[in-house]
Amino acid sequence: NTGMGTFSPDVRWVAYMSTETGPPEVFVESLEPDGGRYRVSAAGGFFPRWSPAGDVVYYLSMTGEIIAVPVSTGPAGGLDFGAPAVITDRIENTNAGTFTVNRKTGSLIVQRAIQARQSTLLSLVSGWQQLLDRD
């Protein structure tokens, strides 16, 4: 099972999720023949996303953390990956994806579940314009 692919900003690489090794993992692969393939996630991952400059790959871990992995071009044209860092946690994993990266600013846009302590009542008032017209 392979999917959730996203191209790097320079369109030389694609980051994607694959279950070929067991649990879902994030890989980055060159679009050039024999250009290289790298496993980015260490303990499972979904929804890879690139930073606007292509210098970070983000993904959602199996435990609901957004992980950032620095990326740089190596001396032979391949990629070098830095140490992964946890950006945030308690992210709900949904099939629709739970975060994205703003292509202009690089800001993360995250969907988070909110648990209210009490329910909030929402009232819909229709015909309110007629109430204003009364004297």
Side-chain angles (χ1 to χ4, degrees):
N1 185 13
T2 302
M4 302 176 191
T6 182
F7 294 105
S8 63
D10 64 5
V11 195
R12 293 182 55 221
W13 304 90
V14 63
Y16 61 94
M17 181 277 309
S18 176
T19 59
E20 68 186 67
T21 59
E25 297 288 353
V26 172
F27 292 86
V28 169
E29 189 167 346
S30 173
L31 295 175
E32 300 291 326
D34 300 322
R37 181 172 185 258
Y38 308 89
R39 180 175 160 181
V40 179
S41 57
F46 302 92
F47 305 112
R49 302 286 187 262
W50 292 90
S51 67
D55 58 350
V56 178
V57 172
Y58 300 96
Y59 67 89
L60 182 64
S61 75
M62 301 291 283
T63 57
E65 300 166 322
I66 295 178
I67 308 294
V69 180
V71 181
S72 60
T73 303
L79 295 180
D80 292 327
F81 294 89
V86 175
I87 300 299
T88 187
D89 62 358
R90 296 179 289 144
I91 304 300
E92 185 177 345
N93 182 6
T94 67
N95 289 335
T98 54
F99 76 99
T100 191
V101 180
N102 182 309
R103 289 285 181 198
K104 291 182 181 178
T105 66
S107 300
L108 293 180
I109 302 166
V110 180
Q111 172 185 327
R112 293 189 103 163
I114 298 175
Q115 293 183 354
R117 294 185 181 168
Q118 63 186 29
S119 60
T120 303
L121 179 63
L122 175 64
S123 299
L124 174 64
V125 179
S126 61
W128 59 269
Q129 294 98 342
Q130 295 170 1
L131 296 173
L132 294 177
D133 292 337
R134 279 200 244 166
D135 256 355

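Note that the structure is predicted; figures quoted are calculated from it, not measured. One-based numbering along the sequence shown.
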For the hydrophobic clusters of this structure (ILVMFWY residues joined by side-chain heavy atoms under 4.5 Å, transitively), does one cluster hold both [X] and [Y]?
| X | Y | answer |
| --- | --- | --- |
| V56 | L79 | no |
| L108 | F47 | yes |
| V40 | V86 | yes |

Partners passing ring pair (Phe, Tyr, Trp, His ring centres under 6.0 Å) against F81 (at least two apart in sequence or in another chain):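 Here the qualifying residues are Y38.
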Point-to-point distance, once rounded to the nearest 0.5 Å, from CG of L60 to OG1 of T88: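 Interatomic distance, L60 CG to T88 OG1, rounded to 0.5 Å: 10.5 Å.
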Gap separating the OG1 atom of T73 from the CH2 atom of W13, nearest 0.5 angstrom: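 So the gap between those two atoms works out to 7.5 Å.
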Residues which pass side chain to side chain donor-acceptor pair (under 3.5 Å) with R39, listed by chain and number, not counting sequence neighbours: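 Applying side chain to side chain donor-acceptor pair (under 3.5 Å) to R39 gives E25.
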What pairs with [X] under side-chain contact (heavy atoms from CB on, under 4.5 Å), at least two apart in sequence or on another chain?
| X | result |
| --- | --- |
| Y16 | T2, V14, S18, F27, E29, R37 |
| P84 | I67, V69 |
| S72 | D80 |
| P52 | V101 |

Pairs satisfying salt bridge (Lys or Arg N to Asp or Glu O under 4.0 Å), at least one member in residues 53-77, at least two apart: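 Listed once each, the pairs would be none.
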Heavy atoms of other groups near E20 CD, more than 12 under 6.0 Å: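 It does: E20 CD has more than 12 such atoms within range.
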If every non-hydrogen atom of [X] is compared with every non-hydrogen atom of [Y], which pair is closest and at what distance?
| X | Y | answer |
| --- | --- | --- |
| Y58 | S51 | CE1-CB, 4.1 Å |
| S41 | V26 | OG-N, 2.8 Å |
| A15 | V28 | CB-CG2, 3.9 Å |
| F46 | M17 | CA-CG, 4.4 Å |

Donor-acceptor under 3.5 Å (W50 side chain, P9 main chain):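 Looks like no, no N/O pair under 3.5 Å.
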Main-chain N/O of G22 paired with T19 side-chain donor or acceptor, under 3.5 Å: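 Pair absent, no side-chain N/O of T19 close to backbone of G22.
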